[in-house]
Amino acid sequence: MDGIDMLDPSGSMTTLTPMAETPITSSHHQLHGSYHNGFLGAHHPAMAAAVAAAGLHPDTDTDPRELEAFAERFKQRRIKLGVTQADVGKALANLKLPGVGALSQSTICRFESLTLSHNNMIALKPILQAWLEEAEAQAKNKRRDPDAPSVLPAGEKKRTSIAAPEKRSLEAYFAVQPRPSGEKIAAIAEKLDLKKNVVRVWFCNQRQKQKRMKFAAQH
DNA sequence: ATGCATGAGTG
DNA sequence: ACTCATGCATA
């Protein structure tokens, strides 16, 4: 769908969607907005001005700086409340927000460290903000209920571990060709004696990692 | 905190 | 077969 990587680093007004739409609609996979337009150059001052001029809201919610600031405030207050990342994830379900279920410790951690995609950050912010407000309100009221522990089975998984030498090779391949064809992947897999799927997923994750937020270009 | 994995959505 | 949001297991 995108084939080559974006070719519009300049904010030269390509069809940019001011989307700030519906955050979350159900427990899982629906935070899909319109991310498919190489928005990476979307925070050009000229464009921000254009958006403001267009009468559209000052999209302060999509401003990386605002997100960064919120993430830090969030973490600070969370710790102040003596709540762990895992606790927050669980608590989200009790918040009973329309279509918002629990999240994992991983996701909360990534939100705090800004290692989620821009869109993902935007979608999660209002939810975590709601939790924070509610949590602080309850803390003030000394509200506390010793809920049931609930013994979770914790279904076990097995994670493949790619050894250092193989990993170095993969990184070398990635540097030259981040998007190898299926055949190339098979060849690499064979050469490194890894399952083809393991190699394919490794490349997918590598690409995703490369695209994550973290004060990339403009911070 | 992060690596590898899954699955929905998309084209 | 890819992208994206997310998660389990682990370092």
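Note that these values count all heavy atoms, side chains included, but never hydrogens, waters or copies made by symmetry. Residue numbers start from 1 in every chain, and the chains themselves are labelled A, B, ... in the order their sequence lines are given, proteins ahead of strands.
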Trainee: Please tell me if A/Lys211 has a side-chain N or O lying less than 4.0 Å from either OP1 or OP2 of C/dC4.
Mentor: yes
Trainee: Tell me if the aromatic rings of A/Trp202 and A/Tyr173 count as close, with their centers under 6.0 Å from one another.
Mentor: no
Trainee: Who pairs with A/Ala86 by side chain to side chain contact (heavy atoms under 4.5 Å, CB included), at least two apart in sequence or on another chain?
Mentor: A/Thr84, A/Gln105
Trainee: Give a yes/no on whether any side-chain N or O of A/Arg179 is located under 4.0 angstrom from OP1 or OP2 of C/dC2.
Mentor: no
Trainee: Looking only at side-chain atoms of A/Ile162, point me to the closest of B/dG3, B/dC4, C/dG7.
Mentor: B/dC4
Trainee: Closer than 4.0 Å, any side-chain N/O of A/Thr107 to the OP1 or OP2 of C/dA5?
Mentor: no
Trainee: Whole-Å distance between B/dT2 P and A/Lys209 NZ?
Mentor: 9 Å
Trainee: So which pairs with a foot in residues 185-197 of chain A pass side chain to side chain donor-acceptor pair (under 3.5 Å), sequence neighbours left out?
Mentor: A/Asn197-A/Arg200
Trainee: Does a side-chain N or O of A/Asn120 approach OP1 or OP2 of C/dT6 to a distance below 4.0 Å, or not?
Mentor: yes
Trainee: Between C1' on B/dA1 and CZ on A/Arg78, what's the gap in Å once rounded to a whole number?
Mentor: 12 Å
Trainee: Can a donor-acceptor pair be found, under 3.5 Å and without considering hydrogens, that links the side chain of A/Arg212 to the backbone of A/Leu116?
Mentor: no
Trainee: Measure distances between side-chain N and O atoms of A/Asn205 and base N and O atoms of B/dA5, and say whether any donor-acceptor pair falls under 3.5 Å.
Mentor: yes
Trainee: Counting only side-chain heavy atoms from C-beta out, which of B/dA1, C/dT6, B/dC4 sits nearest to A/Val201?
Mentor: B/dC4
Trainee: Is A/Thr115 side chain donor-acceptor paired with the B/dT2 base, going by distance under 3.5 Å alone?
Mentor: no
Trainee: Can you hop from A/Leu92 to A/Ile79 via hydrophobic side chains spaced under 4.5 Å?
Mentor: no
Trainee: Does any N or O donor sit under 3.5 Å from an N or O acceptor when you compare the side chain of A/Arg110 with the base of B/dG3?
Mentor: yes
Trainee: Let me spell it out: for each of A/Gly182 and A/Gln208, pick the nucleotide of DNA chain C with the closest heavy atom. Which residue's pick is nearer the 5' end?
Mentor: A/Gly182
Trainee: Considering just the side-chain nitrogens and oxygens of A/Lys167, establish if one lies under 4.0 Å of OP1 or OP2 belonging to B/dC4.
Mentor: yes
Trainee: Could a donor-acceptor pair under 3.5 angstrom be found where the side chain of A/Ser161 meets the base of B/dC4?
Mentor: no
Trainee: Can you identify which nucleotide, out of B/dT2, C/dT6, B/dT6, has its nearest atom closest to the A/Ser106 side chain?
Mentor: B/dT2
